Colleague: 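Below you'll find the structure I mean.
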Amino acid sequence: MISVADLLMSDRLPANYYAHEVYVRGDLEMGLLESRRGDRLLALPQTLVQAMYTGLTKETGQASKLVLFNCGRWWGKNFYNRFQEELADYYDTPLSEMAMADFLQSLKQCWITYGWGKMDLDQSYHHRGFLVVQTWNSPFANQAPQTGLPVCFLEAGILAVFLGSYRAKNCTAFRRVVSQQMPTATDL
Amino acid sequence: MQSPIETVFDEAENRYLKTEELRSLGQYVVSLPERVSIYRILRDQELTLMQQVADQLQIQQPDAHPDRIERSLKHGILILRYCAMGMLLADEGFVQSRLLNWLSGVVQIHNTQAIDTATSALTIQVLSKALAPKQMALLEPFFALSQNTLSQTAPENHLTVAGIF
Amino acid sequence: MTIELSHQNPAKLRNPKKHNHYGFQEFFQFNAERGNIVDWNDGQNVLTTEDFIIGLVEGLEEEVGDASAATIYTIGCEWGQKDAFFFEKWFEKEFDRNMRQTNLMFLLETWWWPFTAQGWGRWEVDLGDRKQGFMFINVFDSAVARTLGDVGKPVCYLYAGLFAGFFTELVKKQLSCIEIQCYSMGETYCKFLLGGQERIDAASFWLNEGATARDIEKHLRSGELR
């Protein structure tokens, strides 16, 4: 028989770690935002997101897409480590032992709370060896110049590292490349 | 719905509260002792109540894998805890935004709608025996909200570790 | 097809004329259904950790090498310029008066308040030398410097660009900005000099020669230009 007392061994049940009401904290006196773990957060206003596109284009021209992707990769690499630590601490279990479904649900919720829009994983192409990540309401696409070309390079970079690291370290099921669908501004 | 206490703070600088606003605040205050006593019962008897749910659930679903039953019981306990807090604050928004928006995704991914519906029905059944009808009336809207939200989650054909490639 | 985001902050809809709205919960409205965050001024916000700063700095260094500082400064300038337009719009809507006929200190404090709520640190503006054509800005807890830590040189090019871009637009005169003291040099706060290109070039020269912020202040106040 199942004992509820055993289920509640530590008297706590992990729920939505990334609920914005508890995840994001502000200290107005100090001009600081932080996460529930005490890590510093920043809110990028839309004027800064726009400026990243125009500023980089001014300085690096055509290469700006590559630059953004590379910045996204660095961003993703560091963010992934943090995400992993946060989840491992909260669920009190190493990521390698965490159910994939819980990992993905946390990632989706994290995406929402950070205001990056919504994301979902589409497995329709898994027989061809890649995974499609769809994002909606991307603030990056929303603030980028409306050129009709893909613009979510930052997200692509983040996802490439993010899902790549998860695959490499924890989940042999992601056997081949992780690919992203980058929605264009016109897709929205 | 927003907590009646929270709305009171909004416009202190501009105006005094209207008669109906004071009345709804008054109603909340009058109901508060009852809310606190329900909250105490739930807090103190959580284990006993949920063990009853667990026992009946296993009888009802003899073929369900113990992992699924355990998962559903955890969802049930979370719902109970959040509904208790929501009832205390008289704030459905609290339950919706803190728990249900997230839990509906979890239920979808793990495909536990059916068993969660059974757990929820059993919980209400067990609570109805432990609480007076007047008390149950204060708690019920929150369970209705949870059942309603979770029943709307369509089962998803989703990634599992085994099924990716 | 383009889409117009309906940026409407519910707390603001309830109470549109409230000005002291920089309590964190009121300033940001999270829309969990869309996964978007909108601030009091109906601007869209994106939350990030310090990893964003690392990503920007490391990613650029890898791609453009030594030019990364200048590139980040340019991004800052673009940011400041765009923010000046955005600010003018919300300021005039919120306070119902022309930005240019408003007390300067009040105007500047109002501009910086959202940055405080957004976690970019506190600031202090010293307008004492403005008649001579320059001014100093102190930033406490710079997001860039705090992220990168003690690296022995100024690192807050993003803030420098932001000030240059914003003030250039505000006073309609080409201004530049340089960080002359930084948390990343072991100081307790960051100090920026804002002024015409000539003065900024001079400050940059003195800085390279090993001058401290205090030395640079002295040089400038005695009217030196190298």
Side-chain angles (χ1 to χ4, degrees), chain A residues 1-23 91 96-113 118-133 163 166-167 170-178, chain B residues 43 45-59 61 64-82 91 93-112 119 123 126 156-165:
Chain A
M1 291 305 265
I2 290 169
S3 148
V4 173
D6 289 347
L7 289 182
L8 292 172
M9 278 292 265
S10 53
D11 201 40
R12 63 180 281 275
L13 281 179
N16 184 6
Y17 180 75
Y18 289 100
H20 69 82
E21 296 94 335
V22 277
Y23 185 76
Y91 285 96
S96 51
E97 285 167 30
M98 186 187 253
M100 168 106 147
D102 291 329
F103 171 86
L104 293 178
Q105 179 64 9
S106 298
L107 179 57
K108 281 159 125 179
Q109 191 65 47
C110 171
W111 210 262
I112 290 172
T113 290
K118 297 205 113 169
M119 64 100 75
D120 209 349
L121 296 137
D122 179 356
Q123 58 169 330
S124 325
Y125 301 96
H126 71 80
H127 58 281
R128 286 161 63 184
F130 61 95
L131 180 64
V132 178
V133 181
L163 297 174
Y166 188 72
R167 170 205 60 195
N170 300 303
C171 176
T172 49
F174 283 105
R175 250 183 280 132
R176 292 166 68 186
V177 287
V178 177
Chain B
R43 183 195 64 183
Q45 300 184 23
E46 181 190 61
L47 262 187
T48 335
L49 295 171
M50 289 312 290
Q51 188 61 54
Q52 291 174 37
V53 174
D55 296 344
Q56 290 180 38
L57 190 64
Q58 287 171 97
I59 296 168
Q61 315 242 349
H65 193 280
D67 285 353
R68 285 179 76 72
I69 294 193
E70 283 190 7
R71 173 166 287 280
S72 183
L73 284 170
K74 284 183 179 171
H75 293 173
I77 296 167
L78 279 174
I79 291 171
L80 179 63
R81 288 181 177 186
Y82 274 85
D91 187 356
F94 174 84
V95 182
Q96 183 74 51
S97 74
R98 296 270 183 108
L99 181 71
L100 297 176
N101 289 345
W102 168 80
L103 190 61
S104 51
V106 174
V107 168
Q108 202 171 9
I109 285 181
H110 289 284
N111 204 1
T112 52
T119 305
T123 309
V126 167
E156 194 178 276
N157 178 19
H158 210 283
L159 277 180
T160 58
V161 175
I164 301 181
F165 295 119

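By convention in this document, chain letters (A, B, ...) are assigned in the order of the sequence lines, proteins followed by strands, and residues within each chain are numbered from 1. Just so it is clear, the model here is predicted, and its values are computed rather than measured.
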Colleague: With only heavy atoms counted, which part of B:Ser97 is less than 4.5 Å from chain A, the side chain, the backbone, both or neither?
Modeller: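 Contact with chain A involves both backbone and side-chain atoms of B:Ser97.
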Colleague: Flag the pair A:Asp102 / B:His110 as yes when at least one side-chain heavy-atom distance between them is below 4.5 Å, and no otherwise.
Modeller: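 Yes, their side chains come closer than 4.5 Å.
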Colleague: Any idea which heavy atoms bring A:Ala15 and B:Leu99 closest together, and the distance?
Modeller: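 Heavy atoms only, the tightest pair is CB-CD1, 4.5 Å.
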Colleague: Measure A:Leu8 against the heavy atoms of chain B and call it side chain, backbone, both or neither at under 4.5 Å.
Modeller: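 Looking at A:Leu8, just its side chain touches chain B.
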Colleague: Report the distance from atom NE2 of A:His20 to atom CZ of B:Arg98, rounding to the nearest 0.5 Å.
Modeller: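 Result: 8.0 Å between the selected atoms.
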Colleague: Under the 3.5 angstrom rule, does the side chain of A:Gln105 hit a backbone N or O of B:Trp102 as a donor-acceptor pair?
Modeller: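 Yes.
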Colleague: Is A:Gln109 in contact with chain B via its backbone, its side chain, both, or neither, using a 4.5 Å heavy-atom distance?
Modeller: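 A:Gln109 touches chain B through side-chain heavy atoms alone.
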Colleague: So, applying side-chain contact (heavy atoms from CB on, under 4.5 Å) with A:Val4, which one of B:Glu46, B:Glu70, B:Met50 is it?
Modeller: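 In the set B:Glu46, B:Glu70, B:Met50, the residue that makes a side-chain contact (heavy atoms from CB on, under 4.5 Å) with A:Val4 is B:Met50.
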Colleague: What residues, two or more places apart in sequence or in another chain, satisfy side-chain hydrogen bond (donor to acceptor under 3.5 Å, both in side chains) together with B:Arg68?
Modeller: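 Residues passing side-chain hydrogen bond (donor to acceptor under 3.5 Å, both in side chains) with B:Arg68: none at all.
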Colleague: Given the rule in the side-chain contact (heavy atoms from CB on, under 4.5 Å) test, do A:Leu7 and B:Leu73 qualify, once you have shown the distances and angles that lead to the verdict?
Modeller: CA-CA 9 Å; A:Leu7 289 182; B:Leu73 284 170; 3.8 Å; yes
Colleague: Would you give the length of the straight line joining atom CD1 of B:Ile77 to atom CZ of A:Arg12, rounded to the nearest 0.5 angstrom?
Modeller: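 It comes to 13.5 Å.
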Colleague: Could you give the distance from CG (B:Asp55) to CD1 (A:Ile2), rounded to the nearest 0.5 Å?
Modeller: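 Reported value, rounded in 0.5 Å steps: 9.5 Å.
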Colleague: Holding to side-chain hydrogen bond (donor to acceptor under 3.5 Å, both in side chains), I want the full list of residues that pass it with B:Gln56, two or more places apart in sequence or in another chain.
Modeller: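 Applying side-chain hydrogen bond (donor to acceptor under 3.5 Å, both in side chains) to B:Gln56 gives none.
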Colleague: Side chain, backbone, both or neither: which part of B:Gln58 has a heavy atom under 4.5 Å from chain A?
Modeller: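 Side chain of B:Gln58 only, per the 4.5 Å heavy-atom cut-off to chain A.
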